[in-house]
Number of protein chains: 2
Amino acid sequence: MAIKVGIMGYGNLGRGVESALLQNPDMELAAVFTRRDPKKMTIRTEGAKVYSVEDANVGKADIDVMIICGGSATDLPEQTPKYAEYYNCIDSFDTHANIPAHFAAVNRAAKLGDKVSIISAGWDPGMFSLNRLYANAILPDGHDYTFWGKGVSQGHSDAIRRIKGVKDARQYTIPVETALERVRGGENPELTTRQKHTRTCYVAAEAGADTAQIEKEIVNMPNYFADYDTTVHFISEEELKRDHGKLPHGGFVFRTGQTGWEGEHKHVIEYSLKLDSNPEFTGSVLVAYARAAYRLNAEGKSGCHTVFDIAPAYLSPLSAEELRARLL
Amino acid sequence: MAIKVGIMGYGNLGRGVESALLQNPDMELAAVFTRRDPKKMTIRTEGAKVYSVEDANVGKADIDVMIICGGSATDLPEQTPKYAEYYNCIDSFDTHANIPAHFAAVNRAAKLGDKVSIISAGWDPGMFSLNRLYANAILPDGHDYTFWGKGVSQGHSDAIRRIKGVKDARQYTIPVETALERVRGGENPELTTRQKHTRTCYVAAEAGADTAQIEKEIVNMPNYFADYDTTVHFISEEELKRDHGKLPHGGFVFRTGQTGWEGEHKHVIEYSLKLDSNPEFTGSVLVAYARAAYRLNAEGKSGCHTVFDIAPAYLSPLSAEELRARLL
């Protein structure tokens with residue numbers, strides 16, 4: 001019997017989850033829940049249903065795990081606590097500062113309904129967090145570094161789109177190669193925001209727009225661009241669609257540390273991701289944690305969890321014996 | 001109250017564990033157990049005791065976790081099952097083919113004594129295994145690659161030392177840079193043993209020894225060298241000690257995979273270690289898993305575990321709340 005999965009929200013991430021499910025024969029998509037009109041929506045998986053979100057209320061049968069694919073700003077803070085009472089729920093909540101509050105709200109609901117939820121299960125937070133934890137536990141005396149990119153930041157792209165005269169835009173976050181090399185070489189450098197990443201923007205402006213003014217507004221935008229070296233390229237809308245239509249991302253997590261009686265031995269732990277599709281990779285992580293949530297709940301566990309609380313074996317379709325024989 | 005740790009065996013690895021314990025204020029070395037004469041041995045940790053291995057029998061008080069620092073060939077298959085009944089035990093058993101049997105023997109003993117053991121907790125098996133598991137669970141459609149080095153292989157160094165006319169030797173395993181680049185580039189190459197690693201040997205020969213013959217014996221040695229491109233350098237014993245006295249190691253674990261409706265998006269997950277001291281890093285991993293074993297046993301768990309079975313949070317001295325706030 002395959003694990004029956006519901007997808008809440010059918011944007012890029014929801015479709016990423018759907019395609020990931022097709023790669024995992026022990027799991028299947030049971031239904032997509034949408035705020036749009038279900039009758040007007042088609043999905044890729046044969047046999048799976050499309051329901052209105054309204055239908056997700058109180059214990060829809062035949063959903064073992066619900067993967068909630070909304071945004072962290074407004075969707076997830078409302079949806080995950082709402083559904084965690086009725087379903088094992090997974091999300092990729094990524095507003096770091098609000099994780100404690102989100103955890104508490106989801107935990108209350110999941111405990112109430114005897115369900116397991118796992119929040120913040122993507123790659124950062126998610127796989128990057130795991131690597132920070134393992135590396136910190138092994139090398140207590142050391143330094144952490146996280147770099148992002150090269151990849152598209154949707155938040156930064158959106159910020160540019162809100163500028164007057166901009167039709168569309170795509171922003172790439174790019175780690176500074178020399179900074180990576182200094183960290184990798186064990187120098188333990190102190191790096192400013194500007195020294196770690198650069199930002200490159202491709203902008204399609206409206207006809208007759210003041211591009212000099214747009215560029216000025218971008219590079220001086222507080223929080224988003226002012227602290228970075230930012231390059232702006234104006235291109236046509238067609239070029240933007242053709243050359244920058246994908247959502248690649250990735251990054252690097254380092255811990256550099258020392259051991260020995262006098263810290264005389266240096267060690268570098270490096271984890272990196274190079275992803276052609278951010279939503280499909282994130283969807284793949286969500287699916288692996290959906291398997292874990294289902295199993296934990298079947299063992300009688302309940303409440304909210306993060307990637308830190310899940311023994312790795314729960315993520316794999318292989319048995320403990322197979323894992324020890326093949327991957328240990 | 002600090003977690004009280006025993007070290008069984010005081011070679012390179014045992015000393016690596018001792019120095020790691022000094023970096024972890026929530027843990028302390030209680031005693032070293034040795035096959036040598038305890039009276040003739042001095043250790044670095046003030047206040048810690050030195051006992052004979054004989055004293056480890058049946059439930060020595062004041063040891064919360066025993067870290068067994070013997071070799072995988074003969075020590076660990078005997079020692080870990082022997083002590084797992086009386087102590088929470090950790091080892092770094094690394095003979096991959098014998099892990100199922102070792103697991104079964106340790107599990108029986110640990111269950112009998114209501115203790116928790118964790119076997120094969122180093123970096124390979126250990127951290128590399130974890131990365132293989134996570135990456136396989138996320139990208140079911142893909143390829144695995146593990147490379148070792150640049151680093152000293154003690155097994156290969158020992159094999160050279162057994163050749164007639166050799167006084168001392170040090171062997172480095174070196175990953176082939178072009179192979180790494182092909183994997184990193186997502187080519188999914190099929191790589192032969194020879195294409196993945198080269199071997200470089202530094203040999204101090206006895207006076208008057210037939211170096212041509214020694215070199216021939218090395219490069220043609222089955223299993224160890226015959227399948228590799230091997231380079232042999234003859235140097236003096238002083239040079240060997242001066243320039244090759246350390247035990248660096250490391251390596252790379254990759255998973256390359258694809259997602260999407262037609263596998264159109266490629267992803268590369270890479271984990272790498274660059275270690276100045278193999279035994280001190282391995283010792284640091286063992287100490288983190290000793291913390292986990294102690295906590296699991298305090299929760300009432302028993303039996304044999306591997307890194308696959310341990311939720312990451314158990315490795316860290318931080319609370320769940322601190323972990324979520326700082327590392328997620």
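Side chains included, hydrogens not; waters and symmetry mates left out as well; all remaining heavy atoms used.
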Step-by-step side-chain contact (heavy atoms from CB on, under 4.5 Å) determination, His267(B) to Ser284(A): CA-CA 11 Å; His267(B) 307 280; Ser284(A) 298; over 6 Å; no
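Interface remark: of the candidates Ser129(A), Pro312(A), Ala313(A), Pro248(A), Pro312(A) forms the most heavy-atom pairs closer than 4.5 Å to chain B. Ranked by non-hydrogen atom pairs under 4.5 Å with chain A, the options Asp276(B), Asp309(B), Val285(B) are led by Asp276(B). Counting heavy-atom pairs closer than 4.5 Å to chain B, the top-ranked of the candidates Arg15(A), Lys246(A), Lys266(A) is Lys266(A). Contact count against chain A (heavy-atom pairs under 4.5 Å) is highest for Pro140(B) among Pro140(B), Ala325(B), Ser316(B). Of the residues considered (Phe128(A), Phe281(A), Phe252(A), Trp261(A)), Trp261(A) shows the highest number of contacts with chain B, using heavy-atom pairs under 4.5 Å. Ranked by heavy-atom pairs under 4.5 Å with chain A, the list Ile99(B), Leu130(B), Leu22(B) is led by Leu130(B). Heavy-atom pairs under 4.5 Å with chain B peak, among Ala137(A), Ser277(A), Ala288(A), at Ser277(A). Ranked by non-hydrogen atom pairs under 4.5 Å with chain B, the options Arg291(A), Met127(A), His265(A) are led by His265(A). Of all the listed residues (Glu321(B), His96(B), Arg132(B)), the one sharing the greatest number of non-hydrogen pairs under 4.5 Å with chain A is Arg132(B). Taking Pro100(B), Gly260(B), Gly126(B) one by one and counting their heavy-atom pairs under 4.5 Å with chain A, the maximum is reached by Gly260(B).
Shown here for Leu328(B) and Asp124(A), the closest heavy-atom pair between the two residues is O-OD1, 4.0 Å.
Considering CG of Asn136(B) and CG of Leu323(A), their distance stands at 9.0 Å, rounded to 0.5 Å. A distance of 9.5 Å separates CZ in Phe308(B) from CG in Leu318(A), rounded to the nearest 0.5 Å. Interatomic distance, Gln23(B) CD to Asp141(A) CG, rounded to the nearest 0.5 Å: 5.0 Å. With rounding to the nearest 0.5 Å, the separation of OG in Ser19(A) from CD in Glu264(B) is 7.5 Å. To the nearest 0.5 Å, atom CD of residue Glu280(A) and atom OG1 of residue Thr259(B) are 3.5 Å apart. To the nearest 0.5 angstrom, Ile138(A) atom CD1 is 11.0 Å from Asn24(B) atom CG.
In this structure, chain A has a heavy atom under 4.5 Å from the side chain of Leu139(B), while its backbone stays farther away. Using a 4.5 Å cut-off between heavy atoms, Asn131(B) touches chain A through its side chain atoms alone. Heavy atoms of Ser272(B) lying under 4.5 Å from chain A belong to its backbone as well as its side chain. With a 4.5 Å cut-off on non-hydrogen atoms, Tyr289(B) touches chain A through its side chain but not through its backbone. Both the backbone and the side chain of Arg184(B) come within contact range of chain A, with heavy atoms under 4.5 Å apart. When heavy atoms are compared at a cutoff of 4.5 Å, Val253(B) does not approach chain A at all.
Geometric assessment of Arg324(A) against the ring of Phe103(B) yields a positive cation-pi assignment under the 6.0 Å and 45° thresholds.
With contacts defined as side-chain heavy-atom distances shorter than 4.5 Å, the pair Tyr271(A)/Glu270(B) does not qualify.
In Glu262(B), the CD atom is not crowded: 12 or fewer heavy atoms of neighbouring residues, nucleotides or ligands sit closer than 6.0 Å.
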